[in-house]
**Q** 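What follows is a structure written as structure tokens; I'll ask about it next.
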Amino acid sequence: QIELALKYIKEDSTNIQKGIGLLTDLANDGNANAQYLLGKVFTTGDYVEPNFRKAINYWQQSANQGNAEAQLNLAHCYCYGLGIDEDPQKAFNLYKQAAEKGNPEAQFCLGEYYYYNLDMDFPQRTNIAVDWYSKAAKQGYAKAQYRLGYVYEGDFFYAHYDNLVASLYESAAKQGL
């Protein structure tokens, strides 16, 4: 039924509200994917009036069921104070949950957290960051490829990775970064 709702929303301008209603029914019945999608609908403002509170509510429901995309989007909200008070610890926890499920953007964000975490000593935080960047880069995430190249290029711990640095920058550039 999600596919039908999306078809109404994306392909049939006369049935947009019908599609949103169908997604709402599914979300209210506990469908995590419908909850995630409704969160997106309420943030874009393409089909309904933008409403971050509703989006956050739907993403929270979906995230509670383990939806990595909802966890990622909710983490961004907590990280940047989008429609909700900033809460770096909640953002970190949600990024970590999504990253552990293999979401490359969340892996990159977690890598950023560790790379810039001044509460940890430099070698420790850099090694943890490199682990997360590497996971995202292996999935083709351009920002992670670039950041990994940057880390390898600039940190004396990784001075022997010149060929890898060039390859990472090239991969990121091919994706427009």
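As the structure is a computational prediction, the values presented were derived from the model and not from experiment.
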**Q** Is Y114 close to Q124 at the side-chain level, that is, under 4.5 Å between some pair of heavy atoms?
**A**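 The answer is no; the side chains never approach within 4.5 Å.
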**Q** Do N67 and Q71 have side-chain atoms, one donor and one acceptor, less than 3.5 Å apart?
**A**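 Their side chains do not contain a donor-acceptor pair, so the 3.5 Å distance test is not met.
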**Q** Do I9 and L23 come close enough that some side-chain heavy atom pair is under 4.5 Å?
**A**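 Yes. Closest side-chain heavy atoms under 4.5 Å.
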**Q** Taking the side chain as everything from C-beta on, heavy atoms only, tell me whether F108 gets closer than 4.5 Å to W132.
**A**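 SC-SC contact between F108 and W132 ruled out.
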**Q** Is it true that N73 and E69 share a donor-acceptor pair across their side chains at a distance under 3.5 Å?
**A**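 Note: E69 and N73 side chains miss the donor-acceptor criterion.
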**Q** Does the side chain of F42 come within less than 4.5 Å of F52's, by heavy atoms?
**A**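 A side-chain contact is absent here, since even the closest heavy-atom pair is not under 4.5 Å.
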**Q** Treating Ile, Leu, Val, Met, Phe, Trp and Tyr as nodes and any side-chain heavy-atom pair under 4.5 angstrom as an edge, say whether Y141 and Y152 lie in one connected cluster.
**A**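 Both belong to a single hydrophobic cluster.
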**Q** Roughly how far, to the nearest 0.5 Å, is the CG atom of N127 from the CE atom of M120?
**A**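 The CG atom of N127 is 9.5 Å from CE of M120, to the nearest 0.5 Å.
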**Q** Test of understanding: with side chain to side chain donor-acceptor pair (under 3.5 Å), list the residues that count as partners of Q107, not counting sequence neighbours.
**A**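 Partners of Q107 under the side chain to side chain donor-acceptor pair (under 3.5 Å) test: Q139.
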**Q** Would you mind reporting whether Y8 and I16 have side-chain heavy atoms less than 4.5 Å apart?
**A**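 Of all side-chain heavy-atom pairs linking Y8 with I16, none is under 4.5 Å.
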**Q** Side chain of T126, backbone of F122: donor and acceptor closer than 3.5 Å?
**A**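 Present.
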**Q** For K90, does the NZ atom sit with more than 12 other heavy atoms under 6.0 Å from it, leaving out its own atoms?
**A**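 Not buried by this count: 12 neighbours or fewer within 6.0 Å.
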**Q** A side-chain contact here means heavy atoms from C-beta on lying under 4.5 Å apart; do Y133 and Y115 qualify?
**A**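 They are in contact (side-chain heavy atoms under 4.5 Å apart), so the answer is yes.
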**Q** Hey, can you tell me if Y146 and Y150 have their rings parallel, tilted or perpendicular (30° and 60° cut-offs)?
**A**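 Judged by the thresholds at 30° and 60°, the geometry between Y146 and Y150 is parallel.
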**Q** May I ask you to check whether Q145 and Q175 show a side-chain donor-acceptor distance below 3.5 Å?
**A**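 Note: Q145 and Q175 side chains meet the donor-acceptor criterion.
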**Q** Backbone N or O of K40 within a donor-acceptor pair of the T43 side chain at under 3.5 Å?
**A**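 Pair found, side chain donor or acceptor close to backbone of K40.
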**Q** Report yes or no: does N64 contribute a side-chain atom to a donor-acceptor pair with the main-chain N or O of Q60 at less than 3.5 Å?
**A**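 Pair found, side chain donor or acceptor close to backbone of Q60.
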**Q** Determine whether I128 and L148 fall in the same hydrophobic cluster, where Ile, Leu, Val, Met, Phe, Trp and Tyr are linked whenever their side-chain heavy atoms lie under 4.5 Å apart.
**A**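 The answer is no; the residues belong to distinct hydrophobic clusters.
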**Q** Mind listing the closest non-hydrogen atom pair of I84 and C77 along with its distance?
**A**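 Closest approach of I84 to C77, heavy atoms only: CG2-O, 3.6 Å.
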